[in-house]
Amino acid sequence: MGHPLHPVLVQVPVGCFLSAGVLDVAPGGQPAATTLTAVGLAGAAPAALAGWVDWADLPPEQARVGLAHAVSNIAVIACYVTSLGARMRGEAAKGRRWSFAGLTAVAVSGALGGHVAYSRVLADVSPHAEPQTEPQTEPPATQ
């Protein structure tokens, strides 16, 4: 395909988890939040698979950050699986707490993933940058 698929696929779980968090604080939103949590977990598997495929092509410096991103995603999934289990058992408050913990982990993971994505873009762009032909000079001093 030529383009990383992971950034596209990750929109499903992140969007579901964020929307579930919003609905968790809205009156009567808990049933929909439970559904969104389940859909987000289902969408995480294809996103993770695509992430591993993309990770395999990264240079070592970016791969290390990508590995930290993957590990933080394990924390995300653990929080949301625990949240869904609590919700299914009727423990809504516990489910919401785990959901908000998961959302915090999503923020950390997203920051790491964004670092990898932007580093990759910069690495792709910088070799094609035109070399500077004239030396930089300091601007004249003003009086």
Side-chain angles (χ1 to χ4, degrees), residues 1-140:
M1 195 168 150
H3 298 286
L5 192 55
H6 177 68
V8 174
L9 294 178
V10 77
Q11 301 308 308
V12 172
V14 170
C16 287
F17 296 153
L18 182 58
S19 297
V22 170
L23 289 173
D24 271 337
V25 297
Q30 285 76 26
T34 300
T35 300
L36 284 168
T37 298
V39 172
L41 285 168
L49 181 61
W52 281 112
V53 169
D54 294 347
W55 178 80
D57 292 334
L58 292 176
E61 309 81 43
Q62 292 175 1
R64 283 191 296 273
V65 179
L67 187 58
H69 171 65
V71 169
S72 64
N73 282 331
I74 292 169
V76 169
I77 297 305
C79 287
Y80 280 103
V81 165
T82 304
S83 172
L84 185 60
R87 292 169 189 274
M88 300 300 283
R89 289 188 305 274
E91 301 173 20
K94 185 177 181 181
R96 283 192 301 273
R97 284 192 303 272
W98 278 106
S99 178
F100 290 127
L103 202 51
T104 301
V106 165
V108 171
S109 179
L112 292 167
H115 178 78
V116 171
Y118 285 111
S119 295
R120 188 172 188 169
V121 167
L122 292 175
D124 288 345
V125 171
S126 58
H128 304 291
E130 297 207 359
Q132 191 173 349
T133 56
E134 297 179 9
Q136 287 280 28
T137 60
E138 292 184 72

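All values derive from a computational prediction rather than experimental measurement.
- With sequence neighbours excluded, the residues forming a side chain to side chain donor-acceptor pair (under 3.5 Å) with E91 are R89, listed by chain and number.
- Of all heavy-atom pairs spanning G102 and V76, the tightest one is O-CG2, 4.1 Å.
- Residues passing the side chain to side chain donor-acceptor pair (under 3.5 Å) test with S19: none are found, sequence neighbours excluded.
- Residues P13 and G40 share a closest heavy-atom pair of CB-O, 3.3 Å.
- Applying the ring pair (Phe, Tyr, Trp, His ring centres under 6.0 Å) rule to pairs touching residues 82-111 yields nothing, sequence neighbours excluded.
- Under the side chain to side chain donor-acceptor pair (under 3.5 Å) criterion, N73 pairs with H69, S109, sequence neighbours left out.
- The side-chain contact (heavy atoms from CB on, under 4.5 Å) test applied to A33 returns A20, L23, D24, R87, not counting sequence neighbours.
- With hydrogens and angles disregarded, a donor-acceptor distance shorter than 3.5 Å links the side chain of T82 to the backbone of A78.
- The shortest non-hydrogen separation linking G95 to A86 is N-CB, 3.7 Å.
- Listed by first and then second residue, the ring pair (Phe, Tyr, Trp, His ring centres under 6.0 Å) pairs involving residues 23-53 are W52-W55 (not counting sequence neighbours).
- Sorted by first and then second residue, the pairs that involve residues 74-95 and meet ring pair (Phe, Tyr, Trp, His ring centres under 6.0 Å), not counting sequence neighbours, are F17-Y80.
- Applying the side-chain hydrogen bond (donor to acceptor under 3.5 Å, both in side chains) definition to pairs two or more places apart or across chains, none involves residues 28-45.
- Applying the side-chain contact (heavy atoms from CB on, under 4.5 Å) rule to V8 yields no partners; only residues at least two apart in sequence or on another chain are considered.
- Between V12 and G43, the shortest heavy-atom distance links the atoms CG1-CA, 4.2 Å.
- For A92, the side-chain contact (heavy atoms from CB on, under 4.5 Å) criterion is met by R96, not counting sequence neighbours.
- Listed by chain and residue number, P4, D54 satisfy the side-chain contact (heavy atoms from CB on, under 4.5 Å) test with P7 (two or more places apart in sequence, or in another chain).
- Judged as a salt bridge (charged side-chain N to carboxylate O under 4.0 Å, His left out), not a single pair has a partner in residues 62-78 (not counting sequence neighbours).
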Before giving the answer on side-chain contact (heavy atoms from CB on, under 4.5 Å), spell out for L41 and L84 the whole-Å C-alpha distance, their side-chain angles and the decisive distance to 0.1 Å. CA-CA 9 Å; L41 285 168; L84 185 60; 3.9 Å; yes

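- The line from CD1 of I77 to OG of S83 is 11.5 Å long, rounded to the nearest 0.5 Å.
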